[in-house]
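Here the structure comes first, spelled out in structure tokens, and everything after it is commentary.
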Amino acid sequence: MKKLTFLFLLTFLTSEGLTAVNPSDNFAIMTYVSSGEQERSVKAMIKSIRENAGVYRDCKVYVFLSHPDEKTGKSLTGENVILLRPETDSIFLDYPLAIKAFAASYVEQLVKGKVRTLTWLDPGVIILNSPQALDLEGRFDVSVRPVSLVNNIGLPPGVEPNDYWIPVYSANKLDYRTVQNIVTVVDEVKIQPYYNCEIYSVNPMKGICKEWAAQLEELLRDREYQKNSCTTLQRRLFLHQAVLSGIIASRVKAGRIKALPLTCSYPFNQHDLLAPGKKVSSLNGLSAVIFDYAWSSNPAWMDKIRIDEPLRSWLFDIYLEYMK
């Protein structure tokens, strides 16, 4: 048997014996584009995957184009980049971030049975090292971390769901007295299940994203709920996240949830708010960074956290390309 190169092949035990598999074949990434700025961000993201993701560098990247025209997505074309232009109901397009659920559901159906890990990366995420923490490895169904901040959305432990959460708990048959509590990343508050969905992975066979889109659509079409419960920008902005959290808490056993470390979902814009023990001293040791809109809103972003060479020059080059 020929010696397998570590960089591209790993050996996995299957029901048929030992089979050599390229990790990229079992791992896919999805994201979306709804503006020119996001297209530039996703272009940088794809470059970072191809150059920094190690054994995952050749994985397929599915890009959901929410407002496609003849020019949208042209800068993203490349090997193993799949541009998707499906018709999308305005109910998802016109509500803050609801498109993420529809896009994830659409891609999940495409890859079901073809990969064991489907990873979501928001536009504005850059891969700096191997995203192995996102690989479910056939042993997990979700890789996710808690939200960064409570934002008046998260529920304290043991508290009955309020008007905002009642339909989520009801749809997923959750009991607030028995759900597994978690701790927010930045303000470090203990809350009932409420997960961040800027970076996460799911097992496509579980149908988590399909259920996410279905439950979210029902709430978006519920005029009374929207009128009486989604009364603030925060409540509308984070509704998609609340619904996904309820589904994960209901459908995934605790032992099948892979805790996503902060090193693979680092919130760049919240760096100054993190506890000293959580702050990184350098970007070089991170796997994935959530830059969000930092590149367009903060010209001095490179001075926020130390970046050692050669990463510093590499980041500056793709930043310049993004700014064109």
Taking every heavy atom of Tyr164 against every heavy atom of Ala242, the minimum-distance pair comes out as CE2-CB, 4.1 Å

- request: Take the angle between the ring planes of Tyr266 and His271 and call it parallel below 30°, perpendicular above 60°, tilted in between.
  value: tilted

* To do: Check whether the side chains of Ser143 and Ser201 place a donor and an acceptor atom closer than 3.5 Å, and report yes or no.
  => no

If Ile, Leu, Val, Met, Phe, Trp and Tyr residues are connected whenever their side-chain heavy atoms lie under 4.5 Å apart, and connections chain through other members, are Leu155 and Val189 in the same group? yes

Do Leu244 and Ile257 belong together in a cluster built from hydrophobic side chains that touch within less than 4.5 Å? yes

* Taking side chain as C-beta onward, heavy atoms only, is Pro267 less than 4.5 Å from Leu262? -> yes

Counting heavy atoms not belonging to Lys279, are there more than 12 under 6.0 Å from its NZ? yes

Item checked: Contact check, side chains of Ile208 and Val252, non-hydrogen atoms, under 4.5 Å -> yes

Notebook entry, point to check: So, do Val115 and Asp25 sit near enough that their side-chain heavy atoms are less than 4.5 Å apart?
Noted result: no

Counting N and O atoms only, with roles assigned by atom type, does the side chain of Ser90 sit under 3.5 Å from a partner on the main chain of Leu93, one being a donor and the other an acceptor? no

Next item on the list: Determine whether more than 12 heavy atoms belonging to other residues, nucleotides or ligands lie under 6.0 Å from atom CD of Glu51.
Entry: yes

Under a 3.5 Å distance rule, please check whether Asn196 uses its side chain to pair with a backbone N or O of Arg145 as donor and acceptor. no

Q. Should Leu84 and Leu65 count as side-chain neighbours, where that means a heavy-atom distance under 4.5 Å?
A. no

Taking every heavy atom of Thr184 against every heavy atom of Pro146, the minimum-distance pair comes out as CA-CB, 4.3 Å

Check: Looking just at side-chain N and O atoms, do Gln109 and Ser105 make a donor-acceptor pair shorter than 3.5 Å?
Finding: no

For a salt bridge (charged side-chain N to carboxylate O under 4.0 Å, His left out) check, start with the C-alpha distance between Glu108 and Lys206, then their side-chain angles and the critical distance, and finish with the verdict. CA-CA 10 Å; Glu108 181 184 66; Lys206 293 289 290 184; over 6 Å; no

* **Ion pair Glu188/Lys278, N-O distance below 4.0 Å** => yes

For the residue pair Phe64 and Lys100, establish whether any side-chain heavy-atom pair is separated by less than 4.5 Å.
no

inquiry  = With a 4.5 Å cut-off on side-chain heavy atoms, are Val150 and Val147 touching?
reply    = no

Do Lys47 and Arg50 have side-chain heavy atoms sitting under 4.5 Å apart?
no

field: Same apolar cluster: Leu273 and Phe268, side chain cutoff 4.5 Å
entry: yes

*Say whether Trp120 and Asp122, considering side chains only, have a donor N or O and an acceptor N or O under 3.5 Å apart.*
yes

Worksheet item: Does a donor on one side chain sit under 3.5 Å from an acceptor on the other, for Tyr225 and Glu218?
Response: no

Next item on the list: Treat each ILVMFWY residue as a node, draw an edge where side-chain heavy atoms are under 4.5 Å apart, and state whether Val185 and Phe238 are in one component.
Entry: no

Item to complete: Tell me, with the steps shown, if Gln226 and Tyr95 meet side-chain hydrogen bond (donor to acceptor under 3.5 Å, both in side chains).
Response: CA-CA 11 Å; Gln226 289 299 319; Tyr95 201 90; 2.8 Å; yes

Are any side-chain N or O atoms of Ser24 and backbone N or O atoms of Asp58, one a donor and one an acceptor, separated by less than 3.5 Å?
yes

Without swapping roles, check the side chain of Ser296 against the backbone of Tyr293 for a donor-acceptor pair under 3.5 Å.
yes

Value for CG (Asn152) from OG1 (Thr232), rounded to nearest 0.5 Å, stands at 8.0 Å

Value for OH (Tyr32) from NE2 (His67), rounded to nearest 0.5 Å, stands at 10.5 Å

ask   = Is there a donor-acceptor pair under 3.5 Å between the side chain of Arg256 and the backbone N or O of Lys253?
value = no

Exam field: side chain Gln192 to backbone Pro156, donor-acceptor pair closer than 3.5 Å
yes

Check: Would you say Ser265's side chain and Pro261's backbone share a donor-acceptor pair under 3.5 angstrom?
Finding: yes

For residues 235-248, the side-chain hydrogen bond (donor to acceptor under 3.5 Å, both in side chains) pairs (sequence neighbours left out) are Asp163-Arg235

For Leu220 and Ala98 the tightest heavy-atom approach is CD1-CB, 3.9 Å

Rounded to the nearest 0.5 Å, the CG atom of Asp175 sits from the CD atom of Glu160 at a distance of 10.0 Å

Just wondering, more than 12 heavy atoms not from Gln132 lying within 6.0 Å of its CD? no

Report, as yes or no, whether the 6.0 Å neighbourhood of atom CD on Glu79 holds more than 12 heavy atoms from other residues, nucleotides or ligands.
no

Next item on the list: Consider only side-chain N and O atoms of Asn172 and Glu211, and report whether a donor and an acceptor are under 3.5 Å apart.
Entry: no

Any chance the rings of Phe102 and Phe92 have centres within less than 6.0 Å? yes

Separation between CG (Leu311) and CG (Asn52), nearest 0.5 Å, reads 7.0 Å

Item to complete: Spell out, as yes or no, whether a donor-acceptor pair under 3.5 Å connects the side chain of Trp165 to the backbone of Ile153.
Response: yes

Rounding to 0.5 Å, atoms CD1 (Ile29) and CD1 (Ile46) come to a distance of 9.5 Å

Evaluate Lys304 against Asp272 for salt bridge (charged side-chain N to carboxylate O under 4.0 Å, His left out), listing each step before the verdict. CA-CA 9 Å; Lys304 191 178 186 70; Asp272 294 334; 3.1 Å; yes

Problem - Within one Ile-Leu-Val-Met-Phe-Trp-Tyr cluster: Leu286 and Leu134, side-chain cutoff 4.5 Å - result: no

Decide if the gap between the ring center of Tyr319 and the ring center of Trp314 is smaller than 6.0 angstrom.
no

Exercise. With distance as the sole test, does Ser41 use its side chain to make a donor-acceptor pair with the main-chain N or O of Glu37 at under 3.5 Å?
Worked result: yes

Between Ile99 and Ser66 the two heavy atoms that sit nearest each other are CG1-CB, 3.9 Å

Side chains of Leu118 and Tyr200 in contact at under 4.5 Å (non-hydrogen atoms) | no

Output for pair (Met45 CE, Leu76 CG), nearest 0.5 Å, gives 10.0 Å

Applying side-chain contact (heavy atoms from CB on, under 4.5 Å) to Phe140 and not counting sequence neighbours gives Leu136, Glu137, Lys258

task = Could you go through the salt bridge (charged side-chain N to carboxylate O under 4.0 Å, His left out) check for Asp89 and Arg221 one step at a time?
result = CA-CA 12 Å; Asp89 195 307; Arg221 295 191 186 281; 2.8 Å; yes

For this session: Indicate yes or no: does Lys43 engage Glu39 in a salt bridge with an N to O separation below 4.0 Å.
Result: no

Shortest non-hydrogen pair, Leu239 vs Cys230, comes out as CD2-SG, 4.2 Å

Practice problem: Hey, can you tell me if Tyr322 and Trp295 have their rings parallel, tilted or perpendicular (30° and 60° cut-offs)? | Solution: perpendicular

Paired with Pro204, the side chain to side chain contact (heavy atoms under 4.5 Å, CB included) test is passed by just one of Val111, Leu110, Val107, namely Val111

(request) Could you tell me whether a side-chain N or O of Thr77 sits under 3.5 Å from a main-chain N or O of Lys74, the two making a donor and an acceptor? (result) yes

Tightest non-hydrogen contact, residues Cys264 and Ala288, listed as O-CB, 3.4 Å

